[in-house]
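Inspection log for the structure reproduced underneath, given as structure tokens.
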Amino acid sequence: MAQNQSDKQSVSIDLKHELERIKKLKRVTVVRRLITLSAVFCSALLQAFTIKAFVNPAGLLSSGFTGLAILIDRITSLFGFTFPTFIGMIALNVPVALICWKSINQRFVIFSMIQVFLSSTFLRLLDVQPVFNNIMLEVVFGGFLYGMSIALALKGGASTAGTDFISLMVSNKTGHSIWGLIFAGNCTVLCIFGWMFGWEAAAYSIIFQFISTKTIETFYHRYDRMTLQITTSKPQQVLNAYKQSYRHGSSCATIEGGYSGKTYWMITTVVSSYEVNDIVHLVRVQDEHAVVNVLRTEDFYGGFYRDPVC
């Protein structure tokens with residue numbers, strides 16, 4: 001009888017702990033969504049400002065679908081009518097989003113499209129005067145700010161849509177990257193732009209795109225690898241949660257606490273840098289007393305699973 005009462009009390013305590021854990025997860029999820037939305041908003045505002053203050057005054061062409069929308073706007077203006085860039089951005093991205101909807105993470109698609117709609121709205125509403133009257137300053141500072149706008153969206157868990165959707169869909173379905181084809185597409189757009197509007201403008205646009213790409217690489221380290229050393233007293237719970245969410249391999253060894261003399265387990269795994277914060281949170285939810293040591297991994301030999309952004 002006493003044993004049954006003890007078991008009921010244990011179940012009650014476990015249920016209470018589980019409910020608290022679920023509530024904590026929900027709160028964290030809401031906070032993360034708000035952070036993503038804030039990043040998307042700032043990204044869209046900065047992108048629209050850069051186009052208005054640097055790209056258009058210097059007659060430059062950005063990469064991706066936004067660059068294609070700018071090119072369509074300039075070509076149509078030669079024939080006496082306009083197809084504004086802010087409309088072109090939506091017209092080009094919406095069909096791609098619908099095509100990719102079932103192939104990539106839908107949350108990622110939604111936030112990325114919010115970025116596109118906000119960018120096009122800001123592009124229509126903002127009244128910005130050119131910051132410089134020097135084309136090289138416009139190219140350098142414009143390229144940096146444009147790269148920052150994309151990096152903000154990526155770090156927030158979204159993107160500026162367009163070619164990101166296409167590349168991720170192909171990657172998820174085939175396991176292969178098509179960035180080479182996307183680069184070729186950008187080169188084709190630049191060639192058309194140079195042929196119609198002058199090769200000097202195309203050359204400045206190449207410099208602009210190079211600077212924006214380097215800025216993205218500087219502030220968004222998606223492909224860096226990190227080693228996590230997780231010391232925990234609940235190895236099975238941590239490993240089960242980890243295996244359900246991630247496909248990276250791991251090893252688990254028994255260790256002894258140098259101060260307490262108690263038995264612990266050390267789980268070691270190598271992950272992409274963009275996954276670190278999520279994994280640390282997952283571990284601390286399972287074991288709030290777990291210790292996680294994060295180390296930068298310079299080289300890694302063997303099969304490394306690289307999860308797509310979405």
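- Put simply, CE on Met136 and CD on Glu138 are 10.5 Å apart, with the number rounded to the nearest 0.5 Å.
- In the hydrophobic clustering of ILVMFWY residues, with side-chain heavy atoms under 4.5 Å counting as a link, Ile230 and Val291 come out apart.
- Side-chain atoms of Asn186 come within 3.5 Å of backbone N or O of Gly64 as a donor-acceptor pair.
- In this pair, Phe54 and Phe49 present their aromatic rings perpendicular. The plane angle is above 60°, beyond the 30 to 60° band.
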Determine, stepwise, if the pair Phe122 / Phe41 fulfils ring-ring contact (aromatic ring centres under 6.0 Å, His included).
CA-CA 10 Å; Phe122 290 142; Phe41 180 88; 5.4 Å; yes

From CA spacing to verdict: side chain to side chain contact (heavy atoms under 4.5 Å, CB included), Val140, Ile211:
CA-CA 7 Å; Val140 172; Ile211 293 170; 4.1 Å; yes

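- Here Leu37 contributes atom CG and Ile114 contributes atom CD1; the two are 6.0 Å apart, rounded to the nearest 0.5 Å.
- Between the OG atom of Ser250 and the CD1 atom of Ile267 there is a distance of 6.5 Å, given to the nearest 0.5 Å.
- Taking hydrophobic clusters as Ile, Leu, Val, Met, Phe, Trp and Tyr residues chained together by side-chain heavy-atom distances below 4.5 Å, Phe65 shares a cluster with Trp101.
- Minimum interatomic distance between Cys252 and Pro235 (heavy atoms only, all atoms of both residues): SG-CB, 4.2 Å.
- Cluster membership for Val40 and Ile35, using ILVMFWY side-chain heavy atoms within less than 4.5 angstrom, is not shared.
- Ring pair Phe141/Phe132 is tilted by interplanar angle, where 30° to 60° counts as tilted.
- Heavy atoms of other residues, nucleotides or ligands lying less than 6.0 angstrom from CZ of Arg124 number 12 at most.
- To the nearest 0.5 Å, the span separating CZ on Arg74 from CG on Leu61 amounts to 6.5 Å.
- Under 3.5 Å, the side chains of Thr232 and Asp287 contain a donor-acceptor pair of N or O atoms.
- For the side chain to side chain donor-acceptor pair (under 3.5 Å) with Gln115, the lone residue among Ser149, Ser43, Ser120 that qualifies is Ser43.
- Considering all non-hydrogen atoms of both residues, Ile72 and Phe83 come closest at CG2-CD2, 3.8 Å.
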Would you mind writing out the side-chain donor-acceptor pairs for residues 256-266 within the sub-3.5 Å range, not counting sequence neighbours?
from: Ser260; atom 1: OG; to: Lys262; atom 2: N; distance (Å): 3.2
from: Trp265; atom 1: NE1; to: Thr254; atom 2: OG1; distance (Å): 3.4

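- Listed by first then second residue, pairs satisfying side chain to side chain donor-acceptor pair (under 3.5 Å) with a partner in residues 81-91 read Asp73-Thr85, not counting sequence neighbours.
- Interatomic distance, CG of Leu152 versus CD of Gln47, reported as 11.0 Å (0.5 Å rounding).
- Taking each heavy atom of Gly88 and Ala69 in turn, the nearest pair found is C-CB, 3.8 Å.
- Checking Val128, Leu145, Leu123 one by one against Ile51, the side-chain contact (heavy atoms from CB on, under 4.5 Å) holds for a single residue, Leu123.
- In this structure, CD1 in Ile216 is found 9.5 Å from OG1 in Thr218, a value given to the nearest 0.5 Å.
- Residues Phe208 and Gly142 share a closest heavy-atom pair of CE1-C, 3.2 Å.
- Under a hydrophobic-cluster definition in which Ile, Leu, Val, Met, Phe, Trp and Tyr are linked whenever side-chain heavy atoms come within less than 4.5 Å, directly or via other members, Ile90 and Leu98 are assigned to the same cluster.
- The pair Asp278-Arg32 meets the salt-bridge criterion, since a charged nitrogen lies less than 4.0 angstrom from a carboxylate oxygen.
- Within the structure, the side chain to side chain donor-acceptor pair (under 3.5 Å) test picks out no pair touching residues 191-213 (sequence neighbours left out).
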Determine, step by step, whether Thr269 and Tyr246 satisfy the side chain to side chain contact (heavy atoms under 4.5 Å, CB included) criterion, reporting the C-alpha distance in whole Å, the side-chain angles of both residues, the deciding distance to 0.1 Å, and the verdict.
CA-CA 11 Å; Thr269 184; Tyr246 299 92; over 6 Å; no

